[in-house]
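What follows is a set of notes on a single structure, which appears directly below.
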Amino acid sequence: MRIDIITILPELLEGPFSASILKRAQEKGLAEIHLHNLRDYSQHKQKSVDDYAFGGGAGMVMSIEPIDNCISFLKSQRNYDEVIYLTPDGETLNQGISNQLSLKENLILLCGHYKGVDERVRQHLITKEISIGDYVLSGGELAAAVLTDSIIRLIPGVLNDETSALSDSFQDHLLAPPVYTRPAEYKSWDVPEILRSGNLKAIETWRHEQSLERTKKRRPDLYEKYSK
Ligand code: ADE
């Protein structure tokens, strides 16, 4: 899979992609992440990428021209499955969306700033709009990093133990059960006996019960989906 990210702050995204799982996914050749500085596609002398809003009002708007130039250049190189705009008024990200996107070949992510992008970008160039939650970030970069991470970890071979992505919280509308590691006894806070019993069937049943209980208590909305 290849992800092209269009941003005015590429340096903000270099960190998250150069460590741990995302770094390894790229080294193994399972994922390619390319950062594109939007200013490189501006025709202006000052490399500006924004302008005043028609009709007035506070805040600048990202111009269509550099964005169109960058997207057109990328599209001239290969076909893209989706051109995604990260925005607080997009569809709220969930595991199902990440699962679907992890099956794609090529994605473009556009990070917004200021008061957003010229509406014509959304009308004519964007195929999907995603929010990572009901709060406003300073720009789309951190949202793009979250989305990229959630997609790439699902690509087969990226995680060492492939089953661990399948047993993540949300994969089956249930939260994951609690986990423990050594020491079994610490300050009299003991690991549940059943996990030390070696009885795999009983452990599986216990984990499922814990998942159900946790989901019912913490996320009744998810529990309702699960039990339907
Ligand atoms: N840009 C600013 N806030 C955002 C959010 N919550 N999700 C996606 N992109 C954003």
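Both ligands and their constituent atoms are indexed starting at 1 by order of listing. Note that the coordinates shown come from a computational prediction; the quantities given were computed from them, not determined experimentally.
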Counting distance only, does the side-chain N/O of [X] pair as donor-acceptor with the main-chain N or O of [Y] below 3.5 Å?
| X | Y | answer |
| --- | --- | --- |
| Ser42 | Arg39 | no |
| Thr127 | Val83 | yes |
| Ser169 | Leu175 | no |

Nearest 0.5 Å, what's the CG-CG distance between Leu74 and Asn69? 11.0 Å

Value for CZ (Arg2) from CG (Asp81), rounded to nearest 0.5 Å, stands at 12.5 Å

Is ligand 1 less than 4.0 angstrom away from at least one heavy atom of [X]?
| X | value |
| --- | --- |
| Gly112 | no |
| Gly139 | yes |
| Asp134 | no |

Just which atoms of ligand 1 are under 4.0 Å from any heavy atom in Gly133?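 Listed by number with element: 6 (N).
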
Any nitrogen or oxygen of [X] lying under 3.5 Å from a nitrogen or oxygen in ligand 1? Just yes or no.
| X | result |
| --- | --- |
| Ile130 | no |
| Ile132 | yes |
| Val136 | no |

So which protein heavy atom does [atom] come closest to, and at what separation?
| atom | value |
| --- | --- |
| atom 3 (N) of ligand 1 | Leu137 N, 3.0 Å |
| atom 6 (N) of ligand 1 | Tyr135 O, 2.8 Å |
| atom 4 (C) of ligand 1 | Pro88 CD, 3.7 Å |

Charged N-O contact under 4.0 Å between Arg196 and Glu193: yes

